[in-house]
Amino acid sequence: MLRVAVLLSGRGSNLQALIDACRDPDFPATIVSVISNNPHAQGLARAQKAGIATTVVNHRSYESRETFDAAITNDLDEARAELVCLAGFMRILTKRFVNRWRNRLLNIHPSLLPSFKGLDAQQQALDAGVKLAGCSVHFVRSGLDDGPIIAQAAVPVLDNDDVKALSTRILALEHSLYPRVVRLIAEGRVAVVNERAIIDGKLHSSSSMSNPSQD
Ligand code: GRF
């Protein structure tokens, strides 16, 4: 069982997807800690309901990013976490933290990276007029939403989409993609070679997707 910690700041629907995945006795990972910088995050209640230990590390109580990150590291060490999943965690982590967790720190972002990094990725996609949007799970490096991409999933952008409709469509994919990636990592099937994430020794391909569709 891979010991997973989840860092979040808000709603926690991706945490919920991971909690639900972990209920399957065949799932090779378990969530050992949920840490939030926001004491009011809905994700904390989700964790508590599932009987998972929670910690609030409120950034406002720390005088620097370094001491804030050190407090998180403390909790991760105590929980003996082996993999850290950012799931709507709205703080920038220090280089030191990111390096310590190199290739053991994941993020999910609601765009097909490297497009539309940062906030309001779905609105950025609408503003750019792209025909396909989606989400990405990647290993974290010190740049914003940067690092080897492990998996991506795409959805069409529809003619009358607003940000809510598009975000909902992407979020549904996030909830299946994140647990799938955690499973792959727990099964030891993901490696980073030359800053590329490879699964089962190859860069995967499957059927193509286009919008408008080809048929
Ligand atoms: C998701 O869209 C995720 O991709 C982004 O922040 C959002 C978090 O949603 N990083 P939730 O808190 O998991 O519901």
Side-chain angles (χ1 to χ4, degrees), residues 4-23 29 31 33-50 52 54-59 72 83-93 97-98 101 104-128 130 132-157 161-185 197:
V4 176
V6 177
L7 269 58
L8 52 76
S9 303
R11 182 177 54 186
S13 70
N14 278 288
L15 166 68
Q16 190 66 55
L18 291 167
I19 290 173
D20 294 346
C22 288
R23 290 217 171 93
I31 303 172
S33 172
V34 170
I35 304 173
S36 173
N37 65 302
N38 168 13
H40 308 295
Q42 196 191 335
L44 288 169
R46 294 180 191 268
Q48 281 153 8
K49 197 169 166 213
I52 299 166
T54 59
T55 312
V56 174
V57 182
N58 189 337
H59 57 281
I72 293 176
L83 180 75
V84 178
C85 294
L86 306 182
F89 183 67
M90 302 304 285
R91 307 294 302 170
I92 306 267
L93 293 159
F97 184 94
V98 168
W101 289 94
R104 296 181 300 149
L105 177 60
L106 303 181
N107 183 39
I108 185 156
H109 184 73
S111 78
L112 296 173
L113 290 171
S115 293
F116 316 134
K117 294 179 176 183
L119 291 176
D120 302 323
Q122 303 94 333
Q123 185 62 53
Q124 292 184 55
L126 288 174
D127 292 347
V130 294
L132 294 172
C135 54
S136 308
V137 177
H138 64 96
F139 286 116
V140 174
R141 296 292 183 260
S142 55
L144 179 67
D145 297 320
D146 189 31
I149 295 164
I150 305 164
Q152 295 183 304
V155 292
V157 179
D161 267 349
D162 58 12
V163 71
K164 188 159 177 272
L166 180 60
S167 301
T168 303
R169 194 173 310 121
I170 294 172
L171 195 63
L173 276 190
E174 293 185 38
H175 296 162
S176 62
L177 195 67
Y178 218 173
R180 270 165 57 209
V181 170
V182 170
R183 174 187 278 279
L184 287 169
I185 290 176

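Order of appearance sets the numbers: ligands from 1, and atoms from 1 within every ligand. If you're wondering where the values come from, they're calculated on a predicted model, not measured in any experiment. FYI, side chains are in, hydrogens and waters are out, and symmetry mates aren't considered; it's all heavy atoms of this structure.
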Judging by distance only, is a nitrogen or oxygen of Gln122 under 3.5 angstrom from one on ligand 1?
no

Shortest non-hydrogen contact from Leu132 to Pro156?
CD2-CA, 4.1 Å

Quick one: are Leu106 and Val181 in side-chain contact, heavy atoms under 4.5 Å?
yes

Whether the side chain of His109 engages the backbone of Asp146 through a donor-acceptor N/O pair (distance < 3.5 Å, no angle test) should be reported.
no

For ligand 1, find out whether one of its N or O atoms is nearer than 3.5 Å to an N or O atom of Gly12.
yes

Distance from atom 6 (O) of ligand 1 to nearest protein heavy atom, with residue and atom
Gly88 CA, 3.5 Å

Side chain proximity check, Cys85 to Val4, heavy atoms < 4.5 angstrom
yes

Side-chain heavy-atom pair Ser167, Gln123 within 4.5 angstrom cut-off
no

Quick one: does Arg11 get an N or O within less than 3.5 Å of an N or O on ligand 1?
yes

Ile108, any N or O under 3.5 Å of ligand 1 N or O:
yes

Between the side chains of Ser9 and Asn38, is a donor N or O closer than 3.5 angstrom to an acceptor N or O?
no

Nearest to atom 4 (O) of ligand 1, what protein heavy atom do you find, and at what distance?
Glu174 OE1, 2.7 Å

Looking at atom 11 (P) of ligand 1, what's its closest protein heavy atom, distance included?
Ser13 N, 3.4 Å

